[in-house]
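In what follows, a structure is listed as structure tokens, so that the remarks can point back to it.
Atoms within each ligand, like the ligands themselves, are counted from 1 in listed order.
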Amino acid sequence: MTEYVKLIHGDKEYQLPLIVGSEGEKAIDISALREETGFITLDTGYANTGSCVSAITYLNGEKGILRYRGIPVEQLAEQATFKETAFLLINGRLPNRNELTQFSVLLNDHSLVHEDMRAFYENFPRSSHPMGILSSMVNALRSFYPELHNLEEEINITVTRLLSKVRTLAAMSYKISRGHKVVYPRPDLAYCSNFLNMMFHSPVRPYDIDEDVVRALRVFWILHADHEQNCSTSAVRLVGSARVTLYAAISAGIAALWGPLHGGANQAVVEMLTHIAENKNMRQTVERAKDKKDPFRLMGFGHRIYKTYDPRAKIMKKIADKVLAKFNISDPLLDIAKELEEIALKDDYFIEHNLYPNVDFYSGIVLRAIGIPTNMFTVIFAIGRLPGWIAQWKESMDDPNWKLCRPRQIYTGPAETNYVPIAER
Ligand code: SDX
């Protein structure tokens with residue numbers, strides 16, 4: 001039985017239906033609001049606005065819960081592969097053995113990129129940020145693969161191409177930026193180890209694949225694989241609603257993720273920790289973050305949804321300890337991060353604002369420990385998030401109620417006025 005909320009304005013009373021999600025979340029359905037009342041809603045930053053119903057990922061920000069298709073992310077991080085997690089997010093269930101084998105074969109078959117794409121890389125300035133290159137290259141993929149007439153086949157092959165080629169595109173940007181020989185994907189390597197090999201193998205120093213490093217990257221990608229309607233996923237859905245190619249929608253998602261308030265935070269955290277290490281100014285950094293007049297934010301802290309410890313940050317912190325211990329690395333940035341967390345979690349400002357470490361706070365430490373350069377951190381995030389973007393895009397395309405995303409506004413500009421010829425200005 002549908003529940004309603006009442007909206008009263010003057011002598012008029014309106015009834016708006018309530019939508020209740022499978023975990024008990026409630027939303028006021030305002031899809032007929034303007035038609036019935038003449039009003040729209042205003043919610044800068046969409047902190048109180050749902051853009052869709054979705055069956056993919058469940059977040060509970062108060063309890064620190066994250067589940068992909070109902071499975072807690074802790075279990076997937078512990079037991080699943082990244083390929084299984086990608087299949088789960090995109091298809092709504094875990095693959096059986098045969099499906100996983102078929103998926104692996106397809107990912108291998110589509111792991112090369114057209115040789116002509118190398119010319120694009122050669123013409124980017126060597127100092128170009130790899131996120132800008134990745135966004136451009138993903139969009140450029142359409143130019144090499146004409147659209148198939150059979151829509152289902154087109155979608156399936158595009159999804160596989162993206163999941164597989166994104167690793168090759170990312171590793172190529174790293175190799176070419178350093179003037180190194182590009183390393184091709186290998187048919188005998190699994191998803192994560194293939195990427196590491198493309199990044200770090202060289203003709204004079206073969207890359208020694210270490211299972212602990214592969215596991216750290218696999219868990220990193222599983223933890224980043226989806227996060228419901230975050231900024232970059234919303235960009236993919238919004239751009240996708242114009243019925244652009246999946247390549248273009250994903251390219252928009254990569255661009256949104258690049259921002260330091262979003263996926264770019266993992267790079268910003270390491271830069272912040274490095275600055276603290278060089279200047280020995282931890283207390284001042286914390287005080288700056290609390291100063292309303294200062295736009296500086298403590299990178300890796302706070303979250304729009306999590307008002308408690310990000311469940312992914314807990315796992316990432318353990319992975320950081322494990323990987324550093326494995327290679328007997330003592331990274332001063334990890335010690336600084338832990339000290340910073342301890343200070344912040346005892347500070348009234350952070351307590352009152354419910355500011356806790358988020359996924360980005362320790363992730364950079366893990367990436368440093370496995371040899372990923374700082375400017376590639378958000379690229380690694382993007383590779384992890386790709387299955388989630390694809391799953392969310394597919395869900396929106398399959399939704400019979402989905403339409404072109406076109407928000408409204410409240411106009412606050414000048415009343416009607418006339419053009420003034422230049423001679424009179
Ligand atoms: C990701 O959405 C997702 O799911 C994202 C993500 C994903 O998986 O896709 O989880 C990945 O993007 C994680 C977040 C990475 N970003 C950072 O670590 C950057 C630092 N964090 C902040 O910029 C901030 O916490 C945001 C942007 C993440 C969230 O900010 P909100 O919810 O928009 O909160 P806000 O900016 O409105 O801040 C609320 C209050 C403000 O104080 P008041 O004006 O109310 O007094 O909290 C303060 C802010 O000043 N605040 C911080 C702070 N974060 C919020 N103060 C100091 N340091 C911070 N980090």
Side-chain angles (χ1 to χ4, degrees), residues 43-51 54 56-62 64-68 73 77 85 89 131 220-237 253-273 276 282 284-316 337 340-341 343-345 347-365 377-378 380-389 391-392:
D43 183 22
T44 308
Y46 306 126
N48 305 282
T49 299
S51 62
S54 176
I56 299 171
T57 291
Y58 173 63
L59 286 196
N60 181 313
E62 286 66 37
I65 294 172
L66 173 57
R67 300 183 198 135
Y68 298 158
V73 75
T85 305
L89 285 166
M131 280 297 276
F220 183 102
W221 276 343
I222 289 171
L223 294 179
H224 286 77
D226 193 51
H227 216 236
E228 55 129 286
Q229 306 313 315
N230 59 83
C231 177
S232 53
T233 299
S234 299
V236 170
R237 280 181 171 257
I254 295 169
L257 188 74
W258 192 357
L261 293 189
H262 189 16
N266 54 20
Q267 176 175 341
V269 166
V270 165
E271 288 162 355
M272 175 186 75
L273 296 174
I276 292 171
M282 185 174 300
Q284 297 90 315
T285 303
V286 172
E287 290 312 309
R288 271 195 66 197
K290 294 160 58 178
D291 179 356
K292 289 281 118 241
K293 292 186 291 301
D294 190 330
F296 172 76
R297 291 281 197 280
L298 203 64
M299 290 289 116
F301 258 76
H303 198 277
R304 175 60 57 80
I305 307 290
Y306 289 124
K307 299 310 170 191
T308 183
Y309 214 107
D310 184 331
R312 302 167 297 175
K314 285 181 190 165
I315 301 171
M316 203 59 81
L340 195 53
E341 174 187 336
I343 292 171
L345 295 189
D347 184 294
D348 288 346
Y349 172 87
F350 291 87
I351 294 168
E352 283 153 20
H353 285 87
N354 296 310
L355 302 175
Y356 293 83
N358 59 51
V359 68
D360 293 304
F361 192 60
Y362 287 104
S363 60
I365 308 282
F377 285 2
T378 312
I380 307 301
F381 188 151
I383 297 172
R385 183 53 52 88
L386 183 57
W389 285 333
Q392 299 276 351

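- Taking the six-membered ring for Trp and thresholds of 30 and 60 degrees, Phe381 and His262 have ring planes more than 60 degrees apart, a perpendicular arrangement.
- The protein heavy atom nearest to atom 53 (C) of ligand 1 is Arg297 CD, 3.3 Å.
- Looking at heavy atoms from C-beta onward, Glu341 lies in side-chain contact with Tyr309 at the 4.5 angstrom threshold.
- Remark: ligand 1 and Phe381 share no N or O pair separated by less than 3.5 Å (distance only, no angle test).
- Contact detail for Thr85 and Ala225: the closest heavy-atom pair is CG2-CB, 4.2 Å.
- Distance remark: protein heavy atom present below 4.0 angstrom from atom 51 (N) of ligand 1.
- Looking from atom 5 (C) of ligand 1 to the surrounding protein, the closest heavy atom is His303 NE2, 3.6 Å.
- Every side-chain contact (heavy atoms from CB on, under 4.5 Å) that Lys290 has, sequence neighbours left out, goes to Val286, Glu287, Asp347, Tyr349, Phe350.
- At the top of the distance list for atom 56 (N) of ligand 1, counting protein heavy atoms only, stands Tyr349 OH, 2.9 Å.
- Near Asp360, meaning under 4.0 Å from any of its heavy atoms, are these atoms of ligand 1: 1 (C), 13 (C), 14 (C), 15 (C).
- Among all protein heavy atoms, the one lying closest to atom 22 (C) of ligand 1 is Phe301 O, 3.9 Å.
- Listed by number with element, the atoms of ligand 1 under 4.0 angstrom from any heavy atom of Ala289 are 56 (N), 57 (C).
- A side-chain donor-acceptor contact under 3.5 Å links Tyr68 to the backbone of Ile222.
- Of all protein heavy atoms, the one closest to atom 34 (O) of ligand 1 is Arg304 NE, 4.7 Å.
- For atom 14 (C) of ligand 1, the nearest protein heavy atom (residue, atom name, distance) is Asn358 ND2, 3.6 Å.
- Residue nearest to atom 27 (C) of ligand 1, selected from Leu261, Leu257, Leu298: Leu261 (by heavy-atom distance).
- Listed here is the closest heavy atom pair of Arg304 and Gly45: NH1-O, 3.0 Å.
- Summarising the contacts of atom 42 (O) of ligand 1 with Lys292, His224, His227, the nearest heavy atom is found in Lys292.
- Counted by atom type alone, Asn60 and Tyr58 present one or more donor-acceptor pairs between their side chains at under 3.5 Å.
- The main-chain N or O of Asp360 is never found under 3.5 Å from a side-chain atom of Asn266 such that the two would form a donor-acceptor pair.
- Judged by the shortest distance from any of its heavy atoms, Arg312 lies inside the 4.0 Å radius around the atoms of ligand 1.
- Every atom of ligand 1 with a heavy atom of Gly300 under 4.0 Å away is listed here by number and element: 17 (C), 18 (O).
- Of the heavy atoms in Leu355, only side-chain atoms (C-beta onward) come closer than 4.0 Å to ligand 1.
- Taking atom 19 (C) of ligand 1 as the reference point, the nearest protein heavy-atom neighbour is Met299 CE, 3.7 Å.
- No side-chain donor-acceptor contact under 3.5 Å links Thr57 to the backbone of His227.
- Taking every heavy atom of Ala265 and a limit of under 4.0 angstrom, the matching atoms of ligand 1 come to 15 (C), 16 (N), 17 (C), 18 (O).
- Phe220 meets the ring-ring contact (aromatic ring centres under 6.0 Å, His included) test with His224; sequence neighbours excluded.
- Between the side chain of Asn358 and the main chain of His303, no donor-acceptor pair closer than 3.5 Å is present.
- Contacts of Arg385 with ligand 1, taken as heavy-atom pairs under 4.0 Å, involve the side chain alone.
- Taking every heavy atom of Gly302 and a limit of under 4.0 angstrom, the matching atoms of ligand 1 come to 25 (O), 28 (C).
- Counting only distance, with no hydrogens or angles, the side chain of Thr378 and the backbone of Trp258 share no donor-acceptor pair below 3.5 Å.
- The protein non-hydrogen atom at the shortest distance from atom 12 (O) of ligand 1 is His262 ND1, 2.9 Å.
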